[in-house]
Amino acid sequence: MADHHPTGIKRWLFTTNHKDIGTMYLWFSFVMFIVGGSMAMVIRAELYQPGLQFVDPNTFNQMTTMHGLIMVFGAVMPSMVGLANWLIPMQIGAPDMALPRMNNWSFWILPFAFTLLLLSFTMPGGAPNFGWTFYAPLSTTYAPPSTDFFIFGVHMMGISSIMGAINVIVTVFNMRAPGMTLMKMPLFVWTWLITAFLLIMVMPVLAGAVTMMLTDRHFGTSFFDAAGGGDPVMFQHIFWFFGHPEVYIMILPAFGVVSEIIPAFSRKKLFGYASMVYATASIALLSFIVWAHHMFTVGMPVAGELFFMIATMLIAVPTGVKVFNWVATMWKGSLTFETPMLFSIAFVILFTIGGFSGVMLAMAPIDFQYHDTYFVVAHFHYVLFPGAIFGTTAAVYYWMPKWTGKKCNEKWGKWHFWLSMIFVNLTFFPMHFSGLAGMPRRIPDYNMMFAGFNELASIGAFGLGLVQILFLFIVIKTVRSGEKSEKKPWDGATGLEWDQIDTPAPYHTFDTPPKVS
Amino acid sequence: MAIRRKLFASIAMLMGFIFSTVAFASDLNMRPGVTETSIEAFDLHMQVIYVMTVIAIVVFGAMFYSFIFHRKSKNPKPATWSHSTKMEIIWTAIPVLILIYLTIPAIKLLLKMEESKTDADLTIQITGIQWKWEYMYPEQNITFISSLSTPRDQIDSGSDKGENYLLEVDNELVIPAGKTVRFLVTADDVIHSWWVPDLAVKKDAIPGFINEAWTHVPEDAIGTYRGQCTELCGKDHGFMPVVVKVVSQSDFDSWVAQKNEERIAAEKAAAEAAASSWELDKLMALGEEIYNGKGACFSCHKADGSGTPPLFPALKGSQMATQADQLNDHINIVVNGKSGTAMAAYGSQLTDAELAAVITYERNAWGNDTGDAIQPSQIQAFKAGN
Amino acid sequence: MSEQDLQQANKLLVKKLLAVVAGMFVFVYALIPLYDVFCDITGLNGKTRGKALYESVSVDDQREITIEFMTNVNRGMPWEFGSKTAKVKVHPGELNEVIFYAKNRSGEETIGQTVPSVSPGQAALYLNKTECFCFDKQVLQAGEYVDMPMKFYIDPDLPEEITHLTLSYKLYNITEAVNSATGATK
């Protein structure tokens, strides 16, 4: 009976089941990942060599803008929501999310919003071309007509995120099984709980920013127009007040994933659980007071620059604490290196490298030389790709048996991992150097002194792109005809979802709350 | 066991050494630049890299150690401990100390860079315009536009690229060595950013606001330094380089004198050109040259006049370029620009003869065929308000 | 807890969270005046304040401040605009006047708005204008020329280390904006 469910298209359109919705979010995010990734391929093709070969500069700007928007809002964020949907109820012993119908709407808004956003390519003037950070007045007075579609799309994505976050908070606060105290929850649930608070606080700020853009464009306001008494720099303050917490929104769930997987394959409990919770909360709190480190060259007074520099460097402390706790979890454990563990270990190493460039960027007087160059691009791709994306990939490999009853082929998984490792580093490590050499961001052509680094990065990118096809193949093959999994495919795995639920998980789980020890 | 650990440690140190050497290697590293601030910034940058390298060796070293010695086959029985308040305190305190160690020089350098200097020997206003820079020396009465001078065929058609591909301009910013120079950076349309890596000066150009930046290039650092716009500003963001030529004081004075002579000569030539009457052929020839060269009209309106609507309107067959009653509007938009768009005011960038020629070209090329032969004197009259 | 209790608890929490969402949205709009107030108090973005009064201000003969004036005309604005004086040396507390001029070179009535910006930003707080053409929009008929005086004094509390200021004005064409706002047709 627990497995009885509707079939056909209607199942997916009207489902209120957290597992179905989680599946839809994950597939949607993967499709968006491929779409955003294709744009990256266009970017890297153009940047493969000096000269303009494939696209004109305006089209290039559309590629960089849409690549960023789609990856941030269409790939990374929905993938995290997908994981939240699948895992949170099972991990806390709840039958479903607190607000299942709102959950359905949260998902279905997204395909609509992104269709609108992608249709902008067909409009006169083309798609948004002002960078995913859409600074005014480039994005207001000087922007193409499709900008209004972009604004509408952002509003919709924001509503979806806010509703999803509310759902997570209510579920975690009110629906834990008896005995599941907050400090007994798996760290993944903690990181998502904190992420959800970040979301409800900053998505409205983004909504406000784009609404001000809309009224500046069409209703005679001058929020960001100096002629009318406004200030373009104020846009940046508002945007980054959202934007900085946003990057933590994108990474905290991945921290949670890795905090589940590393203990499982170390056969040892997560080191310093309480510390990890406090560190995550500190990161979230600090994330609200560091936004202007994205704006050091804007002409801020020294006092501001000092404050933001110091606050930003401070975030390295709780982040470091987390890294040390992961290392301590592995230390004197009993390690095996299945695919989920490989991706999680790579996460720790490469995210830390991204953290190093982050500390460098935080130091204002040297940031003047790094700001808006490829050094920044290298930094954030390190924390996002081998960071957030590897985290999600690790999660897929780890929980795939629970979701589908089938194990991913270990040999193929390892190929996926090693090829990803090689190509992700080949793509993004050279960008540190092209940035240090002086190459600005968002340019379609460059001087020969940057050529070597760009060539390497492009080769890496093409390889990385192809590897995603391998991943797609692995997932599809597993779902259709993968090896059947035992109840606990990973002997070190712990948690309600592994101990008290069948593999695969039935359609309805925990209709009666489990016993929590 | 001890031998293995020693071996392990030495490999780690070797890697660290290689990494540091590689980091120092100039091709891979940021350049130290030529000013006191740029060199101090470079030194701080290297300091951070060394610290990060040590941290990486320790942390990754511990991880790799675990991979080898704590794998299941080597360590079948995992430890059972999972917390230690002492460790948490240690690995919170040590990073804090490291950060303090890094922050102190950073604060010192920041204060040094940003404190308001008292006396500037020279003040220059820098205005970012889509997609070129305007440099104005108020005290020397010099104003000029600095635009990319790399030939189009090097960009589009794959011809051999010069050494300063995309980093060369028609009119460089000239400053004297050994003097304190103050830059007042602003923009005319969207946000740009003016950056010269060798001077370690990067300041955003915000429309409607001025930002101050300072530099002092030592006397032994005479040379040419190249940078780029570093804030996405539209289509040709990657094509508006910054080139600063640092010369001796006497060479600077000569350059100032020369620029003033050029200005006077240009005014005289403009007056003469305005006085004479220009034939249609002569106007078309000059017009085409300006349209595809100095005026860079082709870069938005395309060589064939088709533009990229709606942002960059077509000129071929357009109302404004073909209707007699819109001639005044046509002249107005070229001379004064259009606010809220990328169409800048060319009235001060081109001479009256050049303006007359390019407008004539636009009204006759691509089948527009109005037969209009706009005279420089018409432009002069328009500018005077008649 | 029972199914009903759970639903009640959920609804209550949802309401609280929605209040947070609404609050943050209001906060963003509140940021606009807050930003202005912050910049007003600290002068941090180089924007000068509104009209000041010259009362009970003592002149500091010991200090001399150099002020440079710059003018820029935005595209689409067919006016000439400049200052008759490029640079002045003043004592803090002393009321001074600088004359600017503007001429409408076009054949139509045009409305302009000048926007001031001061560098260094912190000095903006101490530049008090008792009369300025930047307070109001300027309407000039075709071909009209006008002298525009600007009266100001530097607050004697100007920090010691600031001895040079630049006051830059940018002139924008706001004819269209004004006409569409007032519904006028020209």
Side-chain angles (χ1 to χ4, degrees), chain A residues 50-52 57-58 124-125 131 135 137-138 141-142 144-145 226 232-233 266-269 271-272 275 297-299 302 305-306 309-310 313 316-317 320-321 323-324 327 330-336 349 356 360 363-366 368-369 371-372 433 436 438 440 442-448, chain B residues 28-30 41 44-45 48 52 59-60 62-63 66 70-72 75-76 78-79 82-83 88 91-92 95-96 99 103 106-107 109-111 113-114 155-156 158 161 165-167 190-191 193 197 200 202-204 206-208 211 228 230-238 309-311 340 342:
Chain A
L52 288 178
N58 191 33
Y135 283 2
L138 183 63
T141 320
Y142 295 83
V233 174
S266 307
R267 293 162 183 77
K268 195 158 153 282
K269 274 171 77 173
F271 190 89
S275 231
T297 59
V298 98
V302 184
E305 288 173 349
L306 281 173
M309 169 167 77
I310 294 171
M313 290 178 80
V317 177
V321 164
V323 173
F324 302 139
V327 176
M330 290 189 277
W331 189 263
K332 293 235 166 101
S334 208
L335 308 174
T336 52
I349 297 176
F356 290 150
M360 292 167 77
M363 296 169 69
I366 42 183
F368 294 148
Q369 296 282 60
H371 174 70
D372 236 299
F433 301 124
L436 291 180
R442 298 165 165 170
I443 58 176
D445 192 7
Y446 50 81
N447 180 279
M448 272 69 63
Chain B
L28 294 177
N29 204 352
M30 190 168 91
L44 184 56
H45 158 84
V48 185
M52 299 292 141
V59 176
F60 300 156
M63 288 178 77
S66 280
H70 301 148
R71 57 202 310 136
K72 187 162 164 218
N75 190 39
S82 63
H83 72 103
E88 301 288 353
W91 64 45
T92 305
V96 170
L99 286 173
T103 309
I107 293 176
L109 180 56
L110 185 63
L111 288 174
M113 280 171 147
E114 297 279 71
I155 301 175
D156 293 327
K161 297 171 174 47
Y165 177 72
L166 297 189
L167 295 176
V190 298
I191 301 178
S193 190
K202 181 185 287 160
K203 221 28 153 213
D204 284 2
I206 318 272
N211 273 335
Q228 292 184 260
T230 23
E231 184 60 60
L232 179 63
C233 54
K235 175 168 85 79
D236 286 340
H237 162 62
L311 286 177

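In what follows, every chain begins at residue 1, and chains take the letters A, B, ... in the order their sequences are listed. From a predicted model like this one, the values you see are computed outputs, not experimental measurements. Just so you know, these numbers use all the heavy atoms, side chains as well, and skip hydrogens, waters and symmetry mates.
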Exercise. Any chance NZ of B:K161 has more than 12 other-residue heavy atoms, nucleotides or ligands included, within less than 6.0 Å?
Worked result: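 Yes, enclosed.
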Exercise. Between B:H70 and A:W331, what is the ring plane arrangement, given parallel below 30°, perpendicular above 60°, and tilted in between?
Worked result: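 Judged by the thresholds at 30° and 60°, the geometry between B:H70 and A:W331 is perpendicular.
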Contacting moiety of [X], where chain A heavy atoms sit under 4.5 Å:
{"X": "B:L110", "answer": "both"}
{"X": "B:P309", "answer": "backbone"}
{"X": "B:I206", "answer": "side chain"}

Between chain A and each of [options], count heavy-atom pairs under 4.5 Å; write down the option with the most.
{"options": "B:P197, B:A106, B:G340, B:P76", "result": "B:G340"}
{"options": "B:P95, B:P310, B:A41, B:G238", "result": "B:P310"}
{"options": "B:D236, B:L166, B:V48", "result": "B:L166"}
{"options": "B:K203, B:Q228, B:E88", "result": "B:E88"}
{"options": "B:G208, B:A79, B:A342, B:C233", "result": "B:A79"}

Exercise. Are the side chain of A:R267 and the backbone N or O of A:S334 linked by a donor-acceptor pair below 3.5 Å?
Worked result: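 Answer holds: yes.
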Using a 4.5 angstrom heavy-atom cutoff, name the option from [options] with the most pairs to chain B.
{"options": "A:I310, A:L138, A:N58", "value": "A:L138"}
{"options": "A:I443, A:T141, A:L52", "value": "A:L52"}
{"options": "A:A226, A:G51, A:G131", "value": "A:G51"}

Can you say whether [X] sits under 4.5 Å from chain B via the side chain, the backbone, both, or neither, judging by heavy atoms?
{"X": "A:Y135", "answer": "side chain"}
{"X": "A:P145", "answer": "side chain"}
{"X": "A:M309", "answer": "side chain"}
{"X": "A:P124", "answer": "both"}

Exercise. Between B:L99 and B:T103, which heavy-atom pair has the shortest distance, and what is it?
Worked result: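 Heavy atoms only, the tightest pair is O-OG1, 2.5 Å.
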Problem set entry | Verdict with supporting geometry, A:E305 and A:F368, side-chain contact (heavy atoms from CB on, under 4.5 Å) | CA-CA 11 Å; A:E305 288 173 349; A:F368 294 148; 4.0 Å; yes
Problem set entry | Steps toward side-chain contact (heavy atoms from CB on, under 4.5 Å) verdict (B:L28, A:L436) | CA-CA 7 Å; B:L28 294 177; A:L436 291 180; over 6 Å; no
Problem set entry | Candidate pair B:Y165 and B:I155, rule side-chain contact (heavy atoms from CB on, under 4.5 Å), full reasoning | CA-CA 9 Å; B:Y165 177 72; B:I155 301 175; 3.7 Å; yes
Exercise. Side chains of B:D204 and B:S193: donor-acceptor distance under 3.5 Å anywhere?
Worked result: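 Yes.
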For this session: Would you tell me whether B:S66 and B:R71 have side-chain atoms, one donor and one acceptor, within less than 3.5 Å of each other?
Result: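 Side-chain D/A pair, B:S66 to B:R71: absent.
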Exercise. Between B:H237 and A:R442, is a side-chain contact (heavy atoms from CB on, under 4.5 Å) present by the stated rule, with each step listed?
Worked result: CA-CA 8 Å; B:H237 162 62; A:R442 298 165 165 170; 4.3 Å; yes
